[in-house]
Number of protein chains: 2
Amino acid sequence: MVTPVTFKKSAEVTEETCREAGMTIAELLGRVGGKWTIFVIIMLSEGPRRFSELKRDIEGISQKVLTSTLRDLEKDGFVTRKVTPSIPPRVDYALTELGQDLRGPLMALSSWAVVNRNRVAAAREAFEARQTEEPAKIAYFR
Amino acid sequence: MVTPVTFKKSAEVTEETCREAGMTIAELLGRVGGKWTIFVIIMLSEGPRRFSELKRDIEGISQKVLTSTLRDLEKDGFVTRKVTPSIPPRVDYALTELGQDLRGPLMALSSWAVVNRNRVAAAREAFEARQTEEPAKIAYFR
DNA sequence: CCGCATCCCGCCGGATACTG
DNA sequence: CAGTATCCGGCGGGATGCGG
C-alpha cells in the first residue's frame, strides 16, 4: 500500500493526480532539470545578481546558455529581470516570490542528492560489477 | 546511517556545498528530469509492477524509452529488476529502499508543481503580454 | 512478453562572432 | 556589459523490426 505524500493542504501526488495535472510535474522537472538551472537558482538565493556576476561565478557556462536559462526562468515567473540602461548597461536578476517558494522543495531534493550521493555511487559500482561478471547460467522453467 | 536529513533551513545547500558536491545535484535533477522518469517512479510507488503493466499504464511511452528509463533508474539504485525466466518471460520492477527514500523530496516538489501551476501559468501569460506590447520608449541616461 | 538494434529527427547547449 | 546571430555536434527519445 502507498502512503501518499501530502503537501500543505490538498495535492497528494499519485497516479491519478498526475494525470489530472497533465504534464505540469514533468514540465517543472524538465525546466529545473536543465543543466545549469539549479546553479542559477542557488546563486540567486543568496540575493540579486548581475548578469556578469552569474557568468563569472557559474564556472563553465556560456553567455548564450546563461541568457536562455534566465529567460526560461523569467517566463515561468521564477526570476525578475531589471534593466538599467546606463553605459555600460546593467541587468540585475532576482528571485521572485514564486521563485523563493520553489526553493524549499527544490533545496530539499538537492540536500537529498548531497546526503545520499554515496548510496547512489555504491549502487552504480554494484551495477557495474553485475555487468562485468559472468552471466549466470540460466535455467528455464516452463 | 543516513537517518537525519534535517531540512530545517533548506539544509545548507549553498553555492559552496554545491561546488563540494560537484555535479551530484545537477545529476540527480537531470536523471529525474527525464521526460518519463517521474511517471515510472510514481507508478512504482504504488507497488511492484511488471514491464508490460508500466508500458500499458504510462500512456504514450515507447518500449525502448521505458526500457532505458528503467535501466537508468536501476543503475543509480532506485529500482530493482527481477527476471523470471518463464515462457513467456516475466520481469518485475520495484522501488529499492533508496528509491523509497527519494520519494519524499521528489513528491514534495511534484506537489509544489501541482499546487502552484496556476501561478506559473499566470506568469507565462504576463510574460507573453510583455513581449507583444509596444516596447516602451527608452530614455538613455549617461 | 521483454527488450535489443536500427534509423531518424528535433532540441539542448557549446563555440564563435558581432551589435547597442 | 549584456546580449543576439549562426553554426554544429551530441543526445534524448520516437518508430519500426527482429530475437530469445
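Letters A, B, ... mirror the listed sequences (proteins, then strands); counts begin at 1. All figures in this text were calculated on a predicted structure; none of them were measured in a lab.
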Write down the distance between [atom1] ([X]) and [atom2] ([N]), rounded to a whole number of angstrom.
X	N	atom1	atom2	result
L70(B)	dC4(C)	CG	P	11 Å
E74(B)	dC2(C)	CD	P	15 Å
D72(A)	dC12(C)	CG	P	8 Å
I61(A)	dG13(C)	CD1	P	9 Å
K55(A)	dT4(D)	NZ	P	15 Å
K82(A)	dA2(D)	NZ	P	13 Å
I38(A)	dG13(C)	CD1	C1'	18 Å
L54(A)	dC1(D)	CG	P	13 Å

- Message: Between T24(A) and R117(B), is there a side-chain donor-acceptor contact under 3.5 Å, judged purely by atom types and distance?
- Response: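 No.
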
- Query: Between K64(B) and T67(B), does a side-chain contact (heavy atoms from CB on, under 4.5 Å) hold up when you go through it step by step?
  - Reply: CA-CA 5 Å; K64(B) 175 194 164 188; T67(B) 300; 5.8 Å; no

- Message: Once you apply a heavy-atom cut-off of 4.0 Å, does S52(B) come out as touching a base, just sugar-phosphate, or nothing?
- Response: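 Sugar-phosphate, backbone atoms only, no base.
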
Can you check whether [X] has a side-chain N or O nearer than 4.0 Å to OP1 or OP2 of [N]?
X	N	answer
Y93(B)	dG3(C)	yes
R50(B)	dC2(C)	yes
R81(A)	dA2(D)	no

- Query: Hey, does R124(A) have a side-chain heavy atom less than 4.5 Å from the side chain of D76(B)?
  - Reply: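 D76(B) reaches R124(A) side chain to side chain.
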
Measuring from the side chain of [X] (C-beta onward, heavy atoms only), which nucleotide among [options] has the closest atom?
X	options	answer
P89(A)	dG3(D), dA2(D), dG14(D)	dA2(D)
F51(B)	dG13(C), dC1(D), dG3(C)	dG3(C)
W36(B)	dG3(D), dG14(D), dC2(C)	dG14(D)
K35(A)	dG14(C), dC1(C), dG3(D)	dG14(C)

- Residue closer to the 5' end of DNA chain D, T67(A) versus K64(A) (nearest nucleotide):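 Here T67(A) is the residue nearer the 5' end.
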
- Item | side-chain contact (heavy atoms from CB on, under 4.5 Å) between F78(B) and I41(B), intermediate numbers included | CA-CA 9 Å; F78(B) 296 129; I41(B) 292 178; 5.9 Å; no

- Query: Step by step, would you call R56(A) with E53(A) a salt bridge (charged side-chain N to carboxylate O under 4.0 Å, His left out)?
  - Reply: CA-CA 5 Å; R56(A) 184 185 340 106; E53(A) 292 179 307; 5.3 Å; no

